[in-house]
Amino acid sequence: MRRRVGRRHLRVVIAVVAAVAIVAGGAALLHTSLFTARVVAVTGTHPNTSTAAIVTAAGLAHRPLMIDVSPSGAEARVKALPFIASARVTRHWPDGVQIAVSERIPMAVMAGRANSWSKVDGSGRILAVQPTQPTGLIELVVSTTRGSVVPAGVGTTLPAAAGPGLQVCRTLPLAFSAQVLSITVAPDTTVDLALNSGLTVVMGTVTDLTVKYQDVASIIAHASLQGKKTIDVTVPEAPTES
């Protein structure tokens with residue numbers, strides 16, 4: 001009986017030792033060059049951010065150990081890049097990491113300090129700063145009781161005062177947006193649009209924007225605007241021209 005018990009204890013001890021050895025061996029193996037992030041794939045459209053910049057921001061440029069790759073940490077660092085809107089990092093053992101990204105879309109430009117121009121997306125994030133005014137984007141001008149809003153550095157966000165103008169940027173119908181040269185937000189948060197035809201559209205507040213856009217489109221399509229300078233759609237469905 002004692003021999004049987006002793007054998008059982010010996011088998012248990014051997015099993016425990018074997019399990020510990022396997023775990024230790026597996027952990028040691030994970031820390032070898034066999035399990036480094038050697039294959040990094042960046043997917044998604046990102047014309048304004050290089051693949052190298054994304055890989056570097058994710059911390060994968062020097063092929064770290066797979067076990068040391070933190071998907072959440074890598075995602076946060078990639079999303080901190082100015083143009084990146086979303087990032088998802090997935091490990092594919094034994095040696096692959098995928099980074100799926102999407103970029104923010106520039107929707108407006110703002111005049112900045114020292115004759116610079118800032119590209120802005122619909123949320124008010126500053127995407128890039130350059131010395132010349134970019135073409136093909138609406139100019140956003142925001143005035144407050146303290147003066148005009150001047151965009152800060154890349155990666156920062158415009159103050160709340162820009163909200164009405166950004167809302168118009170996000171909601172302008174595509175066919176109409178091509179005619180808009182600038183969006184101006186007044187200190188009372190009302191909005192005016194300057195069109196490439198020379199007309200000014202007085203939008204008023206940013207309530208009932210869909211109806212106001214329809215009013216403007218109807219007037220431009222059907223009314224004679226010769227000699228007119230202003231379309232006022234402050235009161236939805238009751239526009240005026242002057």
Side-chain angles (χ1 to χ4, degrees), residues 42-61 70-89 98-174 176-178 180-187 189-194 203 205-207 209 213:
V42 178
T43 61
T45 303
H46 49 95
N48 298 287
T49 312
S50 70
T51 296
I54 294 171
V55 172
T56 299
L60 301 172
S70 167
S72 60
E75 288 167 2
R77 292 190 297 273
V78 172
K79 285 192 288 188
L81 294 171
F83 271 92
I84 299 300
S86 66
R88 183 173 181 81
V89 176
Q98 181 185 30
I99 310 171
V101 300
S102 64
E103 278 199 335
R104 298 171 184 270
I105 300 173
M107 301 193 73
V109 295
M110 292 187 73
R113 296 181 178 87
N115 298 318
S116 65
W117 291 87
S118 297
K119 289 183 179 180
V120 183
D121 79 344
S123 71
R125 184 183 177 99
I126 309 301
L127 304 178
V129 179
Q130 59 187 70
T132 57
Q133 183 174 0
T135 59
L137 293 173
I138 298 170
E139 181 179 356
L140 176 62
V141 180
V142 181
S143 298
T144 69
T145 54
R146 297 182 178 179
S148 298
V149 171
V150 178
V154 172
T156 61
T157 301
L158 294 175
L166 293 170
Q167 185 174 345
V168 173
C169 280
R170 293 192 301 269
T171 58
L172 273 174
L174 185 59
F176 183 31
S177 64
V180 180
L181 296 178
S182 66
I183 298 170
T184 300
V185 183
T189 72
T190 57
V191 177
D192 290 349
L193 311 180
M203 300 290 291
T205 65
V206 290
T207 57
L209 284 177
Y213 296 146

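Everything quoted here is computed from the prediction, not taken from an experiment.
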Within a strict 4.5 Å, meaning less than it, do heavy atoms of the [X] and [Y] side chains meet?
| X | Y | value |
| --- | --- | --- |
| Thr43 | Val101 | no |
| Val191 | Val206 | yes |
| Val149 | Thr144 | yes |

Sorted by chain and residue number, the side-chain contact (heavy atoms from CB on, under 4.5 Å) partners of Thr189 (sequence neighbours excluded) come out as Pro164

Could you please spell out the steps behind the side-chain contact (heavy atoms from CB on, under 4.5 Å) verdict for Leu158 and Arg125?
CA-CA 6 Å; Leu158 294 175; Arg125 184 183 177 99; over 6 Å; no

Interatomic distance, [X] atom [atom1] to [Y] atom [atom2] [nearest 0.5 angstrom]:
| X | Y | atom1 | atom2 | answer |
| --- | --- | --- | --- | --- |
| Leu137 | Ser177 | CG | OG | 10.5 Å |
| Ile99 | Ile54 | CD1 | CD1 | 7.0 Å |
| Ser123 | Ile105 | OG | CD1 | 11.5 Å |
| Leu193 | Ile183 | CG | CD1 | 6.0 Å |
| Leu140 | Cys169 | CG | SG | 5.5 Å |

Look at the side chain of [X] and the backbone N and O of [Y], then say whether any donor-acceptor pair between them is shorter than 3.5 Å.
| X | Y | result |
| --- | --- | --- |
| Thr56 | Ala53 | no |
| Thr171 | Gln167 | yes |
| Arg170 | Gly122 | yes |

Please step through side-chain contact (heavy atoms from CB on, under 4.5 Å) for the pair Leu166 and Val120, ending with a clear verdict.
CA-CA 9 Å; Leu166 293 170; Val120 183; 4.1 Å; yes

List the atom pairs, with distances to 0.1 Å, where a side-chain N or O of residues 70-88 and a protein N or O form a donor-acceptor pair under 3.5 Å, not counting sequence neighbours.
unit_1	atom_1	unit_2	atom_2	d
Ser70	OG	Ser72	OG	3.4
Ser70	OG	Gly73	N	3.2
Glu75	OE2	Val89	N	2.9
Arg77	NE	Ala57	O	3.0
Arg77	NH1	Gly73	O	3.4
Arg77	NH2	Ala58	O	2.8
Ser86	OG	Ser102	OG	2.5

Could you pull out the closest heavy-atom pair between [X] and [Y], with the gap in Å?
| X | Y | answer |
| --- | --- | --- |
| Ala161 | Val185 | O-CG1, 3.8 Å |
| Pro151 | Ser118 | CG-OG, 3.6 Å |
| Thr132 | Trp117 | C-CD1, 3.5 Å |

Using side-chain contact (heavy atoms from CB on, under 4.5 Å), reason through Ile138 and Leu172 one step at a time and then give a plain yes or no.
CA-CA 11 Å; Ile138 298 170; Leu172 273 174; 3.6 Å; yes

What do the steps show when you test Met110 against Lys119 for side-chain contact (heavy atoms from CB on, under 4.5 Å), and what is the final call?
CA-CA 7 Å; Met110 292 187 73; Lys119 289 183 179 180; over 6 Å; no

Residue set satisfying side chain to side chain donor-acceptor pair (under 3.5 Å) with Glu103, at least two apart, ordered chain then number -> Asn48, Thr49

Return yes when atom CG of Leu181 has more than 12 non-hydrogen atoms of other residues, nucleotides or ligands closer than 6.0 Å, and no otherwise.
yes

